[in-house]
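Below is one structure, written out as structure tokens; the observations come after it.
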Amino acid sequence: MAAMWSPIIGLLLLLQLAPSSSSYIQLPLQGSVHPVGYFYVTMNIGGKPYSLDIDTGSNLTWLECNYPGHQCNPCKGPHLPYVPNITHKKVMCGDQFCTDLHKDLPYYPERGCDIHHPHECHYHIQYVGGTSSDGFIVNDTVSVNVLSPSHPSRRVQIFFGFGCGCNQKPHKDSPVDGVLGLGMGKEGFVAQLKARNVIRKDIIGHCLSIDGGGYLFVGEHGMPSGITWVPMRKYSHYYTPGPAQLLLGGEKIGSQKMAVFDSGTTYTYIPDQVYSELVREVKRSVSGSLQRVADHALPVCWKGPFQSIQLVKRKFKPLALEFTNKVMHIPPENYLALTGEKNVCLGILQTPKAGGQMIIIGDVTMQDLLVIYDNEQKLVGWISKQCKHTLEIPSIHAL
Ligand SMILES: *[C@@H]1O[C@H](CO)[C@@H](O)[C@H](O)[C@H]1NC(C)=O
Ligand SMILES: *[C@@H]1O[C@H](CO)[C@@H](O)[C@H](O)[C@H]1NC(C)=O
Ligand SMILES: *[C@@H]1O[C@H](CO)[C@@H](O)[C@H](O)[C@H]1NC(C)=O
């Protein structure tokens, strides 16, 4: 997929590149909020393609893996599992890399090294939604096309450390083979690209199309003007612009809560009391024109059939998240979802216990929005944009 997207001019295997000016990589996205539930990239790792869920809410990149000599559960992703060559691709528990990587995993036990497999760099990652992955850190190549205004596109291959996931829960079929961790980790995918001089700046941007697909970029990419920039804060491991007040049609709903961006979450999550108040108010505001219906896809739905959200969105009021002095506007299409039965549902759920009192801004709310995480200047930004991507390579300039 990625390799077909732009012409490959040279095949370079460079471990230490000269830092080139304003370079970036851009990958097309596949997937959708509904019915896929994921936005993912397809990347070449160890010479084979793997589909990875882009996740700004976690640090570790891992893929389904068959680890020789270990009891791995059969894999459920679209590609054949990754098989590391253990004679030289294993990262050892005592390695500095393993120690550093463990710091990127919240609540990872201090002892780090697994007593039963003392030579391996074990990891365990648990997501707020309840899923988890277990395995070992390995070291293999990833190939990316590097773009820059001053050079032709070039294919670069670097070694990077990632998780070989043996056991994933729940154990069920998935449209992805693993996760691309885009959190602010010291040993995350982007940090490793920067350390190898593939890119100079740790800046991440994603544009999720409302029609499915879109694109992801990493590095110095041209930015449109008019972006709403907010100082980035760190809260409970996530990217956040800070506390936000939820508004429905301009009216306050509940009290201020910390709002975080998480591209690895399909829907948007709102903590208990604010959630109940929101559901009550939305139901009330459409009760004269729409009829409630039970749909197994989501908990709060209204009866269709509707051919598209566009046809029904006028009946719903806009939402907004008001930060200290900036506002994120959330039009109805960014909080509603159309189900397989063509009913329209609230694409907002109640924050699970593990997520505490956070508002988690998920994919549904980031559709047709360019969202930028600038880890250099510690800013997060967003601007409304049509994300449906053609083969256009945007013009770029240094930031
Ligand atoms: C693993 O790597 C070693 C060293 O490069 C090589 O000799 C061996 O054939 C590889 N094994 C497999 C199964 O690819
Ligand atoms: C991965 O392997 C490459 C090539 O052998 C090596 O240069 C690099 O230091 C290794 N990285 C880790 C984290 O083990
Ligand atoms: C990612 O890594 C950074 C740096 O180690 C850490 O502060 C942050 O909490 C981690 N984020 C997550 C979601 O684990």
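Every number for a ligand or one of its atoms is a count from 1 in the order of the listing. Note that the structure is predicted; figures quoted are calculated from it, not measured. Atoms considered below: every heavy atom in the structure, side chains included; atoms not considered: hydrogens, waters and symmetry mates.
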Could you go through Val128 and Tyr238, starting from their C-alpha distance and side-chain angles, then the distance that decides it, and tell me whether this counts as side-chain contact (heavy atoms from CB on, under 4.5 Å)? CA-CA 12 Å; Val128 168; Tyr238 296 95; 3.1 Å; yes
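Nearest heavy atoms, Tyr40 versus Ser51: CD1-CB, 3.6 Å.
Taking 4.0 Å as the cut-off, Gly183 does not count as a neighbour of ligand 3 on heavy-atom distance.
Cysteines Cys65 and Cys164 have SG atoms closer than 2.5 angstrom.
Only the side chain of Asn59 comes within 4.0 Å of ligand 3, counting heavy atoms alone; its backbone N, CA, C and O stay farther away.
Among the atoms of Ser58, none of the N or O lies under 3.5 angstrom from an N or O of ligand 3.
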Could you list the donor-acceptor pairs under 3.5 angstrom formed by side chains in residues 318-330, with sequence neighbours left out?
from, atom 1, to, atom 2, distance (Å)
Lys326, NZ, Trp229, O, 3.1

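Set against the non-hydrogen atoms of Phe97, the atoms of ligand 2 under 4.0 Å away are 13 (C). Shown in contact with Asn139 at under 4.0 Å from a heavy atom are these atoms of ligand 2, numbered in order with element: 1 (C), 2 (O), 3 (C), 8 (C), 10 (C), 11 (N), 12 (C), 14 (O).
Pairs passing the salt bridge (Lys or Arg N to Asp or Glu O under 4.0 Å) check and including a residue from residues 167-190, sequence neighbours excluded, read Lys76-Asp173.
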